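Here the structure is a predicted model, which means the values were calculated and not measured. In what follows, chains are A, B, ... by sequence order, proteins preceding strands, each numbered from 1.
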2 protein chains.
Amino acid sequence: MAARKKNSTYTRNEEHIIECDLTYAVNKINGRWKILIISKLESGKMRFGELKKEFPYMTERMLTLQLRAMEQDGLVKRTVYAEIPPRVEYELTEMALAFGPIFKQLSEWGGKYRLPVKATVEGEG
Amino acid sequence: MAARKKNSTYTRNEEHIIECDLTYAVNKINGRWKILIISKLESGKMRFGELKKEFPYMTERMLTLQLRAMEQDGLVKRTVYAEIPPRVEYELTEMALAFGPIFKQLSEWGGKYRLPVKATVEGEG
DNA sequence: TGCGGTACGAACAAACTTGTAAGTAATGGC
DNA sequence: GCCATTACTTACAAGTTTGTTCGTACCGCA
């Protein structure tokens with residue numbers, strides 16, 4: 001995102017990390033917002049402004065940065081229409097769509113383990 | 001990890017995020033090392049020193065921090081034996097083990113999309 | 001000429017994560 | 001007493017991510 005130092009230990013470690021298929025995959029969707037963006041775009045292409053409305057507490061800047069990074073990573077396709085006012089549409093690429101079932105499983109994990117206490121209370125009084 | 005400010009937008013946004021099952025799950029395993037640690041521990045309990053050897057480029061401090069956080073999050077169980085020199089064993093809890101199949105899929109994703117160019121070259125010349 | 005609408009960009013600041021280096025505790029062996 | 005071992009802990013520093021604010025471009029409309 002913001003111009004990395006290329007020789008820091010931090011970056012060197014990252015290089016080790018993305019040698020592993022698993023962590024490579026996770027690295028593609030790290031950050032706070034990418035996963036949410038992919039989730040939203042799963043239902044089809046959306047304009048920048050539409051995405052913005054979906055995440056009221058995410059700033060425009062963050063949305064822009066994430067979308068740019070995702071474009072670079074081949075997760076989203078960006079289509080600009082030469083109109084005034086501008087219109088830009090975002091849609092998922094095949095590789096991003098392939099996250100679908102994984103996200104579903106992660107979501108199920110979250111649903112199951114989020115508040116295990118609550119479940120116990122219901123079951124046991 | 002290191003004493004968060006409780007009223008920053010950063011933290012407030014996080015609270016929004018963990019209301020979603022999907023991002024709650026991802027939040028549990030974020031950071032650079034947790035996923036790798038879970039992967040290693042999937043094959044059974046390990047001592048601190050054994051884990052350390054598995055990740056030569058991860059510092060002791062990072063390993064400690066991650067393990068502590070994971071313990072707090074209920075992902076690992078920590079067993080201390082009152083011996084000298086000390087012996088501490090780590091093992092995954094049920095909720096961490098439940099990540100297994102998900103990690104497998106993520107890994108497959110990584111294997112498939114990591115170097116699509118290479119695959120094309122082989123297939124198409 | 002000034003304003004509204006869209007999708008950004010840039011400068012700056014705050015917060016968080018990660019890495020470096022050194023030190024702790026307790027006991028056994030020399 | 002001094003060193004080795006194991007599993008940490010602390011102080012410090014560097015690096016990265018996230019958030020705030022302001023400003024751009026273009027056209028149509030009043």
Side-chain angles (χ1 to χ4, degrees), chain A residues 1-17 23 26-27 29-37 45-71 76 78-90, chain B residues 1-17 23 26-27 29-37 45-71 76 78-90:
Chain A
M1 316 240 183
R4 279 197 171 172
K5 304 249 169 154
K6 287 300 170 214
N7 293 311
S8 63
T9 308
Y10 186 98
T11 297
R12 256 178 293 135
N13 273 352
E14 184 175 272
E15 279 158 23
H16 283 295
I17 282 171
T23 43
V26 174
N27 213 58
I29 50 172
N30 66 3
R32 176 162 282 188
W33 304 110
K34 283 179 193 163
I35 291 161
L36 287 168
I37 294 170
K45 60 172 65 168
M46 293 176 84
R47 294 184 58 172
F48 183 87
E50 291 177 303
L51 278 169
K52 201 173 78 173
K53 265 176 255 165
E54 291 289 337
F55 308 108
Y57 37 82
M58 171 167 26
T59 60
E60 272 188 60
R61 175 185 145 79
M62 275 299 108
L63 186 52
T64 303
L65 280 178
Q66 301 305 310
L67 287 170
R68 282 278 183 274
M70 292 165 80
E71 194 192 355
V76 301
R78 181 163 169 270
T79 312
V80 184
Y81 296 87
E83 304 172 356
I84 295 294
R87 181 158 67 101
V88 181
E89 284 183 346
Y90 293 91
Chain B
M1 316 246 181
R4 277 198 169 171
K5 304 250 171 153
K6 288 300 169 212
N7 292 312
S8 62
T9 308
Y10 187 98
T11 297
R12 257 178 292 136
N13 274 353
E14 184 176 270
E15 280 158 21
H16 283 296
I17 281 169
T23 43
V26 174
N27 212 58
I29 50 172
N30 67 2
R32 174 162 284 190
W33 304 110
K34 283 179 192 164
I35 291 160
L36 288 168
I37 294 171
K45 60 173 65 170
M46 292 176 85
R47 293 184 58 174
F48 183 86
E50 291 177 303
L51 278 169
K52 201 173 79 172
K53 265 176 255 164
E54 291 289 339
F55 308 108
Y57 37 82
M58 170 166 30
T59 61
E60 271 188 62
R61 174 184 145 80
M62 274 299 110
L63 185 53
T64 304
L65 279 178
Q66 300 305 310
L67 287 169
R68 282 277 184 277
M70 291 166 80
E71 194 193 356
V76 302
R78 182 165 169 266
T79 312
V80 184
Y81 297 88
E83 304 172 358
I84 296 294
R87 181 158 67 98
V88 180
E89 285 184 347
Y90 292 91

[atom1]-[atom2] distance between [X] and [Y], expressed to the nearest 0.5 angstrom:
{"X": "A/Gln66", "Y": "A/Glu71", "atom1": "CD", "atom2": "CD", "answer": "13.0 Å"}
{"X": "B/Asn13", "Y": "A/Thr59", "atom1": "CG", "atom2": "OG1", "answer": "8.5 Å"}
{"X": "A/Met70", "Y": "A/Leu65", "atom1": "CE", "atom2": "CG", "answer": "12.5 Å"}
{"X": "B/His16", "Y": "A/Leu36", "atom1": "NE2", "atom2": "CG", "answer": "12.0 Å"}
{"X": "B/Thr9", "Y": "B/Glu14", "atom1": "OG1", "atom2": "CD", "answer": "12.5 Å"}

Query raised in the report: Can you name the side chain to side chain contact (heavy atoms under 4.5 Å, CB included) partners of A/Val26, sequence neighbours left out?
Result: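 So A/Val26 forms a side chain to side chain contact (heavy atoms under 4.5 Å, CB included) with A/Leu22, B/Ile35, B/Leu106.
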
Rounded distance (Å) that lies between atom [atom2] of [N] and atom [atom1] of [X]:
{"X": "A/Glu14", "N": "C/dT17", "atom1": "CD", "atom2": "P", "result": "16 Å"}
{"X": "B/Glu83", "N": "C/dA25", "atom1": "CD", "atom2": "C1'", "result": "15 Å"}
{"X": "A/Leu63", "N": "C/dG9", "atom1": "CG", "atom2": "P", "result": "11 Å"}
{"X": "A/Arg68", "N": "D/dT17", "atom1": "CZ", "atom2": "P", "result": "17 Å"}
{"X": "A/Gln66", "N": "C/dA7", "atom1": "CD", "atom2": "P", "result": "18 Å"}
{"X": "B/Leu65", "N": "D/dC8", "atom1": "CG", "atom2": "P", "result": "12 Å"}
{"X": "A/Trp33", "N": "D/dG19", "atom1": "CH2", "atom2": "C1'", "result": "10 Å"}
{"X": "B/Leu67", "N": "D/dT6", "atom1": "CG", "atom2": "P", "result": "17 Å"}

Check: protein-nucleotides 20-30 of chain D nitrogen or oxygen pairs below 3.5 Å:
from	atom 1	to	atom 2	distance (Å)
D/dT20	OP1	B/Thr9	OG1	3.0
D/dT20	O4	A/Arg61	NE	3.4

Quick check on [N]: is either OP1 or OP2 less than 4.0 Å from any side-chain nitrogen or oxygen of [X]?
{"X": "B/Arg78", "N": "D/dC8", "result": "yes"}
{"X": "A/Asn13", "N": "C/dG19", "result": "yes"}
{"X": "A/Thr11", "N": "D/dT16", "result": "yes"}
{"X": "B/Arg87", "N": "D/dT5", "result": "no"}

Requested in this report: Could you tell me whether B/Tyr90 contacts a base, only the sugar-phosphate backbone, or nothing, with contacts defined as non-hydrogen atoms closer than 4.0 Å?
Outcome: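 Sugar-phosphate contact only.
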
**Report entry** Atom of A/Leu67, atom of A/Val76 and distance for their closest heavy-atom approach
**Finding:** O-CG2, 3.8 Å

Query raised in the report: Given side chains that start at C-beta, do those of B/Lys34 and B/Asn30 come closer than 4.5 Å, heavy atoms only?
Result: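 When only atoms from C-beta onward are counted, B/Asn30 and B/Lys34 do touch, with a gap below 4.5 Å.
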
Query - Among D/dT18, D/dC8, C/dC8, the nucleotide that comes nearest once only the side chain of B/Thr64 is considered - result: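 Nearest listed nucleotide: D/dC8.
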
Query raised in the report: Taking DNA chain C as the partner, which of residues 45-54 of chain A come within under 4.0 angstrom of it by heavy atom?
Result: A/Arg47, A/Phe48, A/Gly49

For a quick test of your reading: what N or O donor-acceptor pairs under 3.5 Å do the side chains of residues 48-58 of chain B make, sequence neighbours left out?
from	atom 1	to	atom 2	distance (Å)
B/Glu50	OE1	B/Arg47	N	2.7
B/Lys52	NZ	B/Glu60	OE2	3.4
B/Glu54	OE1	B/Lys40	NZ	3.0

Check: residues 81-90 of chain A side-chain donor-acceptor pairs under 3.5 Å, at least two apart:
from	atom 1	to	atom 2	distance (Å)
A/Tyr81	OH	A/Glu89	OE1	3.2
A/Glu83	OE1	A/Arg87	NE	3.2
A/Glu83	OE2	A/Arg87	NH2	3.1
A/Arg87	NH1	A/Glu89	OE2	3.3
A/Tyr90	OH	A/Arg78	NE	3.2

Report task. With axes from five pairs an end, tell me the bend angle of the helix from C/dT1-D/dA30 to C/dC30-D/dG1, nearest 10°. Result ->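 Computed angle between terminal axes is 30°.
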
